[in-house]
Protein chains: 2
Amino acid sequence: MLNYSTSEENYIKAIFHLQQEDGTVTTNELANELKTKPASVTDMMKKLKVKKLLHYQPYQGFRLSSEGNKVALTIIRRHRLWEYFLAEKLKFSWDEVHAVAEHLEHVSSKKLIDKLDEFLGFPRTDPHGDPIPDMNGKIETSKQIPLTELAANKPAVVCHVSDQSTEILDLLRHKNISIGTKLEVKKKFDFDDSMEVRIGRHPAFTISKQLAENIFVQIT
Amino acid sequence: MLNYSTSEENYIKAIFHLQQEDGTVTTNELANELKTKPASVTDMMKKLKVKKLLHYQPYQGFRLSSEGNKVALTIIRRHRLWEYFLAEKLKFSWDEVHAVAEHLEHVSSKKLIDKLDEFLGFPRTDPHGDPIPDMNGKIETSKQIPLTELAANKPAVVCHVSDQSTEILDLLRHKNISIGTKLEVKKKFDFDDSMEVRIGRHPAFTISKQLAENIFVQIT
DNA sequence: TTCTTTTTTTAGGTTTACCTAAAAATATTT
DNA sequence: AAATATTTTTAGGTAAACCTAAAAAAAGAA
Ligand SMILES: [Mn+2]
Ligand SMILES: [Mn+2]
Ligand SMILES: [Mn+2]
Ligand SMILES: [Mn+2]
């Protein structure tokens with residue numbers, strides 16, 4: 001596999017993530033994701049097309065080629081292994097690992113990453129509960145569901161919060177919920193769609209419908 | 001401390017190392033060290049002078065300012081901590097660590113490096129025996145002498161190898177010499193400046209002039 | 001000292017990855 | 001269907017970090 005620039009890698013990874021939801025990715029979506037301008041995205045799409053990492057016809061949106069997908073998975077593997085290292089070995093807290101891994105992921109030595117994987121004991125998920133692709137780029141596809149759709153007494157891990165406001169973070173902090181928190185729904189109430197949730201062996205507590213809609217989990 | 005580009009950091013570090021020997025560094029020396037062209041060096045020297053990292057008057061050579069020295073020491077700290085990590089935790093061999101550390105050293109999170117240092121148990125030297133600057137940029141200057149200057153029958157410990165090639169590593173491994181090895185020179189031969197060396201109570205063996213010049217020891 | 005060689009700088013060009021503004025294509029309303 | 005709005009691309013420009021070739025300065029020899 002060839003080596004790609006930091007910028008190319010960031011684009012490839014962003015397309016990979018966006019196409020999980022949309023199938024095909026648009027110029028504006030990607031510009032927004034990468035905090036860049038649509039014109040810059042078009043420039044890069046032309047380049048990645050020439051490198052055969054991308055299917056792209058002008059005005060038609062784009063998606064990764066199978067080669068592009070392979071590249072994306074190695075970058076995601078690096079990112080998540082470093083996140084695991086930072087959290088597990090260096091005792092970073094869950095919200096600090098991403099920013100640093102965003103840089104470490106671009107150090108492209110295959111040997112480094114495979115040895116790191118071994119050193120860490122071949123972890124299967126990162127500190128946010130997202131699966132780590134293996135040496136061959138194989139990744140467990142676990143689908144995220146909103147907490148509202150989680151059946152009672154099914155252990156799950158929080159993997160995504162769709163609202164980024166100070167208000168929801170404040171509430172989540174108060175309820176001791178963060179990305180990576182393992183929890184179970186104990187009971188659902190039809191009257192207001194609120195639910196009782198339990199984290200580990202702590203006492204159960206209530207979550208409103210509005211909050212539950214914004215918390216996404218993976219069944220473990 | 002501000003953040004500098006990968007390129008700026010590579011220049012700063014190279015100047016630091018070159019000025020240990022020369023005091024003042026020239027354009028050609030630096031171009032040669034960084035495998036770049038003299039015109040590129042001049043461009044960068046102007047930039048680093050504006051940023052006050054460098055003392056530089058055209059045609060007069062250059063040396064780092066005290067701020068430049070501080071920056072150099074943090075880059076060297078990162079480099080050597082990563083080398084230690086690679087060797088000690090990921091079981092990289094001696095000659096493989098440098099190339100990877102050359103990239104890892106540019107990830108500039110202070111917290112990352114200080115936590116890594118702690119995780120590694122605050123190592124004092126890297127796998128080549130070079131001292132690791134502490135959090136404040138303080139670096140030990142231990143008086144090391146080349147094996148060529150070690151008097152006969154003086155017990156000493158190997159603390160540094162100045163050549164980092166695979167070839168010297170191969171030879172050192174064959175002779176069972178590594179950083180920390182305790183040895184004594186038993187006899188020196190004026191004809192070819194070779195010497196007989198003994199490790200502990202093992203039988204003495206021969207070391208060539210070329211090898212002895214690259215092995216640095218501290219008298220114990 | 002004057003000539004010659006070497007070193008260093010300047011001038012001008014390239015590539016990558018950005019940008020803004022305008023044009024073109026596509027999508028949405030009326 | 002035509003008008004309007006939005007999205008995307010093109011055109012042209014900038015800054016960083018390189019480059020080559022030529023000019024200028026410094027160093028070394030005659
Ligand atoms: Mn990144
Ligand atoms: Mn993650
Ligand atoms: Mn480097
Ligand atoms: Mn080293």
Side-chain angles (χ1 to χ4, degrees), chain A residues 2-15 18-19 21-64 68 71-72 75 102-103 105-108, chain B residues 2-15 18-19 21-64 68 71-72 75 102-103 105-108:
Chain A
L2 296 176
N3 277 304
Y4 300 99
S5 71
T6 293
S7 205
E8 288 170 331
E9 290 190 343
N10 284 333
Y11 274 93
I12 292 164
K13 190 166 63 117
I15 296 166
L18 289 173
Q19 76 183 9
E21 290 164 19
D22 297 53
T24 175
V25 182
T26 68
T27 305
N28 272 356
E29 274 176 345
L30 190 49
N32 179 61
E33 175 78 11
L34 292 171
K35 269 120 209 226
T36 184
K37 294 292 179 303
S40 305
V41 171
T42 301
D43 282 354
M44 184 60 90
M45 293 309 96
K46 287 180 185 167
K47 190 150 60 114
L48 295 181
K49 187 189 180 176
V50 169
K51 296 192 179 184
K52 299 208 192 295
L53 296 171
L54 207 60
H55 299 295
Y56 164 57
Q57 295 302 336
Y59 299 100
Q60 302 303 125
F62 26 82
R63 55 180 220 287
L64 295 175
V71 174
I75 303 162
E102 204 52 54
H103 293 103
E105 70 185 357
H106 303 293
V107 176
S108 66
Chain B
L2 295 176
N3 277 304
Y4 300 99
S5 71
T6 294
S7 205
E8 288 171 330
E9 289 190 345
N10 284 334
Y11 274 91
I12 293 164
K13 191 166 62 120
I15 296 166
L18 289 172
Q19 74 183 9
E21 290 164 16
D22 299 52
T24 176
V25 182
T26 69
T27 304
N28 271 356
E29 273 176 345
L30 190 48
N32 179 62
E33 176 78 11
L34 291 171
K35 270 122 205 210
T36 184
K37 293 292 179 301
S40 306
V41 170
T42 301
D43 282 354
M44 184 60 90
M45 294 307 98
K46 287 180 185 167
K47 191 151 60 113
L48 295 181
K49 187 190 178 176
V50 169
K51 297 193 178 185
K52 300 207 189 296
L53 295 172
L54 206 61
H55 298 295
Y56 164 57
Q57 295 302 334
Y59 299 102
Q60 301 302 126
F62 25 82
R63 54 180 221 288
L64 294 176
V71 174
I75 303 162
E102 205 53 54
H103 294 103
E105 71 186 357
H106 303 293
V107 177
S108 65

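Reminder, nothing fancy here: chain letters follow the sequence lines and each chain counts from 1. All heavy atoms count here, side chains included; hydrogens, waters and symmetry mates do not.
Atoms CE (A/Met44) and C1' (C/dT15) sit 12 Å apart, rounded to a whole Å. Rounded to whole Å, the distance from NZ on A/Lys46 to P on C/dT15 is 16 Å. Note: CG (A/Leu30) to C1' (D/dT7) measures 14 Å, nearest angstrom. For the pair A/Met45 CE and D/dT10 P, the computed distance is 13 Å after rounding to whole Å.
Residue B/Thr26 places no side-chain N or O under 4.0 Å from the OP1 or OP2 atom of C/dT7. Note on B/Asn28: every side-chain N or O is 4.0 Å or more away from OP1 and OP2 of C/dT6. The phosphate of C/dT10 (OP1 or OP2) has no side-chain N or O of B/Thr42 nearer than 4.0 angstrom.
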Return a table of donor-acceptor pairs under 3.5 angstrom between the side chains of residues 49-59 of chain B and protein atoms on other chains or two or more places apart.
{"from": "B/Lys49", "atom 1": "NZ", "to": "B/Tyr56", "atom 2": "O", "distance (Å)": "3.0"}
{"from": "B/Lys51", "atom 1": "NZ", "to": "B/Glu8", "atom 2": "OE2", "distance (Å)": "2.7"}

Please set out all donor-acceptor pairs under 3.5 angstrom arising from side-chain atoms of residues 21-31 of chain B, sequence neighbours excluded.
{"from": "B/Thr26", "atom 1": "OG1", "to": "B/Glu29", "atom 2": "N", "distance (Å)": "3.3"}
{"from": "B/Glu29", "atom 1": "OE1", "to": "B/Thr26", "atom 2": "N", "distance (Å)": "3.0"}

Show me the protein contacts with nucleotides 19-22 of chain C, counting only N or O atoms at under 3.5 Å.
{"from": "C/dC19", "atom 1": "OP2", "to": "A/Thr36", "atom 2": "OG1", "distance (Å)": "2.9"}
{"from": "C/dC19", "atom 1": "OP2", "to": "A/Lys37", "atom 2": "N", "distance (Å)": "3.2"}
{"from": "C/dC19", "atom 1": "OP2", "to": "A/Ser40", "atom 2": "OG", "distance (Å)": "2.5"}

Tabulated below should be each protein N or O lying under 3.5 Å from an N or O of nucleotides 2-5 of chain C; please produce it.
none

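DNA chain C lies under 4.0 Å from at least one heavy atom of each of the following residues of residues 54-61 of chain B: B/Tyr56, B/Pro58, B/Tyr59. For residues 6-14 of chain A, proximity to DNA chain D is found at no residue, defined as any non-hydrogen atom under 4.0 angstrom from a strand atom.
Atom NZ in B/Lys13 sits 6.5 Å away from atom NE2 in B/His106 (nearest 0.5 Å).
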